[in-house]
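Numbering of ligands and ligand atoms starts at 1, following listing order.
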Amino acid sequence: MTNSLSEKSGTPIAEAISLKVHYRTANSGSMGRAAAPVVRAVDGVDLAIAEGETVALVGESGCGKSTLGRALLRLEEATEGVVRGAGKDLTVLSETLLRPLRRSMQMVFQDPFSSLNPRMKIEETLSEPLLVHGLATRREAKGRVAEILDVVGLDPRVAQRYPHEFSGGQRQRIAIARAVIARPKFVVADEPISALDISVQAQILDLFEDLKGRFALTYLFISHDLAVVRHIADTVAVMYLGRIVEQGSPDDVFGNPLHPYTQALLDAVPVPDPERERHRAITRLSGELPSPASVFVGCRFQSRCPHATDYCRANDPALSPVAAGGHAVACFLHTGNADFRHSKQA
Ligand SMILES: Nc1ncnc2c1ncn2[C@@H]1O[C@H](COP(=O)(O)OP(=O)(O)O)[C@@H](O)[C@H]1O
Ligand SMILES: [Mg+2]
């Protein structure tokens, strides 16, 4: 199976190829007992993010979204597979060779309270990326800080204040300003509005949209909230237990969800119309998310899937195109062969 799941042109800004990120847990039996359980946080992901695209990565907590986002920026080492950034294989670069690339790849975190240094004035925090990468003198940095504060909707005079003087939404604006001040190409936003009051979430989403146009950014936007990504994503990737199980345009994924997991996720989102809400068929997710430390044989959704057959318990479905335009799914219901169809009747 190739990983050209969608017909995007040009070199991807960021790309994972057969990527695995496994964590060895700390209680690794120094007494020589059983081998450490391995947490398979990312366990075979192919994802290509084209320049200018917003890819939304969705899925339940613990399915590996943050790990994948961090691995794409090489903040996490790949256990297997390749991460490419702007056409370069990042997995083989030393930290020294990575440093000049770091400017072009930035991250915005969920929690604007812990992501800013409480002892640094906003001006210091925002100058840092420019000074670290030698992009400005201290004097020039002051001017750049004032500019970027204006761009993110804050009064440039706040540069002299400390993080505790700001609300959650304002702090997230500052964290976003820090991420974009050195003019990156690719930004991973990891649940950037989840910790904010509902009333400011839409404003921060608008800011992301505005910055994307202004600075020609490419986003990986991580969210467990499907309603949020519908409006900002060009491509939606649904993750389950370390794998992407469905991928496509928002119209594909929301309008024609094919994977039973995607269907269950969507069914969990309340419908605004009370009449429809009462009658909609709910395929609730039964059971717990299995531990990513388990060893999987067959499809990893089998334990919660209403359609699983013996075939699904023995065979691992690859993410495969189901239509032109990039809609892809990892489910034998849609990509299955004769053996699968036979197993349904068994
Ligand atoms: N540094 C780490 N060491 C060990 N396990 C980790 C580490 N970071 C994440 N994990 C585990 O990897 C899995 C995926 O985590 P994460 O990528 O944070 O998922 P998500 O962002 O979707 O909630 C979880 O089971 C989590 O507990
Ligand atoms: Mg996370």
Protein non-hydrogen atom found under 4.0 Å from atom 13 (C) of ligand 1:
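Within 4.0 Å: yes, protein heavy atom nearby.
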Protein heavy atoms: any of them under 4.0 Å from atom 27 (O) of ligand 1?
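Protein heavy atoms within 4.0 Å of atom 27 (O) of ligand 1 - there are none.
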Consider every N or O of [X] and every N or O of ligand 1, then say whether any pair is closer than 3.5 Å.
X: Gly62; value: yes
X: Cys63; value: yes
X: Pro292; value: no

Is the distance between the Mg ion (ligand 2) and the nearest N/O/S atom of Gln110 smaller than 2.8 Å?
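No, outside the cut-off.
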What is the ring orientation for Phe340 with Phe332, classed by angle as parallel under 30°, tilted 30 to 60°, or perpendicular over 60°?
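Ring orientation of Phe340 relative to Phe332: tilted.
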Which of parallel (below 30°), tilted (30 to 60°) and perpendicular (above 60°) describes Tyr240 and Tyr261?
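Tilted: the ring planes of Tyr240 and Tyr261 meet at 30° to 60°.
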Can you see which heavy atom on [X] is nearest to which on [Y], and at what distance?
X: Pro112; Y: Ala195; result: CD-CB, 4.5 Å
X: Leu217; Y: Pro184; result: CD2-O, 3.1 Å
X: Ile174; Y: Leu126; result: O-CD2, 3.6 Å

Considering only protein heavy atoms, which is closest to [atom], and at what distance to one decimal place?
atom: atom 7 (C) of ligand 1; value: Tyr23 CE1, 3.4 Å
atom: atom 18 (O) of ligand 1; value: Ser66 CB, 3.8 Å
atom: atom 19 (O) of ligand 1; value: Gly64 N, 3.1 Å

For [Y], is there an ion pair with [X] - N to carboxylate O distance below 4.0 angstrom?
X: Asp316; Y: Arg243; value: yes
X: Arg304; Y: Glu60; value: yes
X: Glu95; Y: Arg102; value: yes
X: Arg74; Y: Asp89; value: no
X: Asp190; Y: Arg70; value: no

Does the ring center of His164 lie less than 6.0 Å from the ring center of Phe113?
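No, too far apart.
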Within-shell test, [X] vs ligand 1, heavy atom, strictly < 4.0 Å:
X: Gly59; result: no
X: Thr25; result: no
X: Arg24; result: no

Considering the heavy atoms of [X], write down every atom of ligand 1 situated less than 4.0 Å from one of them.
X: Ala41; answer: 12 (O), 13 (C), 14 (C)
X: Glu60; answer: 22 (O)
X: Thr67; answer: 15 (O), 16 (P), 17 (O)
X: Ser61; answer: 23 (O)

Applying a heavy-atom cut-off of 4.0 Å, say which part of Val39 lies close to ligand 1: side chain, backbone, both or neither.
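The answer is the side chain of Val39.
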